[in-house]
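Below is one structure; the comments refer to it alone.
Ligands are counted one by one from 1 in listed order, and the atoms in each one are counted from 1 as well. These values consider heavy atoms only, across backbone and side chains, with no hydrogens, waters or symmetry-generated copies.
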Amino acid sequence: MQIHIAQGHNPPHNIHGITVVIDVIRAFTTSHHAFRGGLRCIWPVATAEQAFALRDEHCPEALLAGEVEALPIDGFDFGNSPWEIDQAELQGREMILRTTNGVAATLRARDSQQVLVAGLVNARATAHYLREQNPPCVVLVASHPTGDEDVACAEYIRGLLGGDGISYDAARQRTLNARAARKFYDGRHPRLRAQDIEAAASDGGDNALVMAVSFEPRPCIRPLPR
Ligand SMILES: O=C(O)[C@H](CS(=O)(=O)O)OP(=O)(O)O
Ligand SMILES: [Mg+2]
């Protein structure tokens, strides 16, 4: 199995392999918490306008979550926040998600046999699935174009796959110390909570889910059956 790490919003072609889009702070931590809370599926979209249009035209019951410049979007139900998601009743619901990095990269990741999304919270479960599938090539996409937290998670997963890697503790520390994490510690906005970074740096344990993306008829993220 070849393993490549890429960074940014444009995943490379990976026609015969599996692509894993990584967003630790916070899109796929938020997504994982939502699925653990009983959410059925996530419709990722590029803009807030697309989120409102999708809800109004196709999924009137869907909840809206996401951020612009990390802050909640007017008219949305939730920020891009695992803490807020944990407070909600999500059983059987659907959610439309707009985020700057994880969602943006996922929407551009089509040229692959399979696309998964991951954070530290489900890194071990994702690596276990990749080992089982044993594709010829795995591309790990650190979706933040310049940040360290997604690269750290990619290096952790690469190690779990038998390549050059780092420990979970090292990946956790790099998440807690990431530049994107700082704004959650300094009290600058009441909805940027330190708890979100603690969630992002946590290991989801043995109940963690593998999250997969389908693209037709429109992009959709769902947990794989366990
Ligand atoms: O809301 C987030 O956590 C980020 C934006 S930033 O990196 O914190 O500025 O969006 P995401 O798509 O989850 O990386
Ligand atoms: Mg991020």
Is there at least one pair of N or O atoms, one from [X] and one from ligand 1, spaced under 3.5 Å apart?
X	answer
Val103	no
Ile25	yes
Lys183	yes
Ala180	no

Exercise. To which of Arg179, Glu67, Arg26, Glu69 does the heavy atom nearest atom 3 (O) of ligand 1 belong?
Worked result: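 Looking at heavy atoms only, Arg26 sits closest to atom 3 (O) of ligand 1.
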Looking at [X] and [Y], would you say the former's side chain and the latter's main chain have a donor-acceptor pair under 3.5 Å?
X	Y	answer
Asp23	Gly102	yes
Gln7	Gly147	yes
Arg98	Ala46	yes
Asn14	Ile18	yes

Exercise. What N/O/S atom of Asp23 is the closest to the Mg ion (ligand 2)?
Worked result: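 In Asp23, the N, O or S atom with the shortest distance to the Mg ion (ligand 2) is OD1.
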Exercise. Between Thr99 and Asn80, is any side-chain donor less than 3.5 angstrom from a side-chain acceptor?
Worked result: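 No, no side-chain donor-acceptor pair sits under 3.5 Å.
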Can you sort out which atoms of ligand 1 are near [X], meaning under 4.0 Å from one of its heavy atoms?
X	result
His144	7 (O)
Asp23	11 (P), 12 (O), 13 (O), 14 (O)
Ala27	13 (O)
Gly102	12 (O)

For this session: Would you name the heavy atoms of Gln113 and His16 that are closest together and state the gap between them?
Result: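 Taking every non-hydrogen atom into account, CG-C, 3.5 Å.
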Problem set entry | salt bridge (charged side-chain N to carboxylate O under 4.0 Å, His left out) partner of Asp196, the single match among Arg26, Lys183, Arg191 |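 One option only clears the test, and that one is Arg26.
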Exercise. Taking both backbone and side chain into account, is any N, O or S atom of Asp150 nearer than 2.8 Å to the Mg ion (ligand 2)?
Worked result: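 No, Asp150 does not qualify, because none of its backbone or side-chain N, O or S atoms lies under 2.8 Å.
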For this session: Examine Ile25 and say whether one of its N/O/S atoms is closer to the Mg ion (ligand 2) than 2.8 Å.
Result: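 Yes, within the cut-off.
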Problem set entry | Steps toward side chain to side chain contact (heavy atoms under 4.5 Å, CB included) verdict (Gln114, Thr19) | CA-CA 6 Å; Gln114 189 171 27; Thr19 297; over 6 Å; no
Exercise. What do you reckon, are the aromatic ring centroids of Phe28 and Phe35 less than 6.0 Å apart?
Worked result: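 Distance test on ring centres: not under 6.0 Å, no.
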Exercise. To the nearest 0.1 Å, how far is atom 2 (C) of ligand 1 from its closest protein heavy atom, and which atom is that?
Worked result: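 That would be Asn80 ND2, 3.3 Å.
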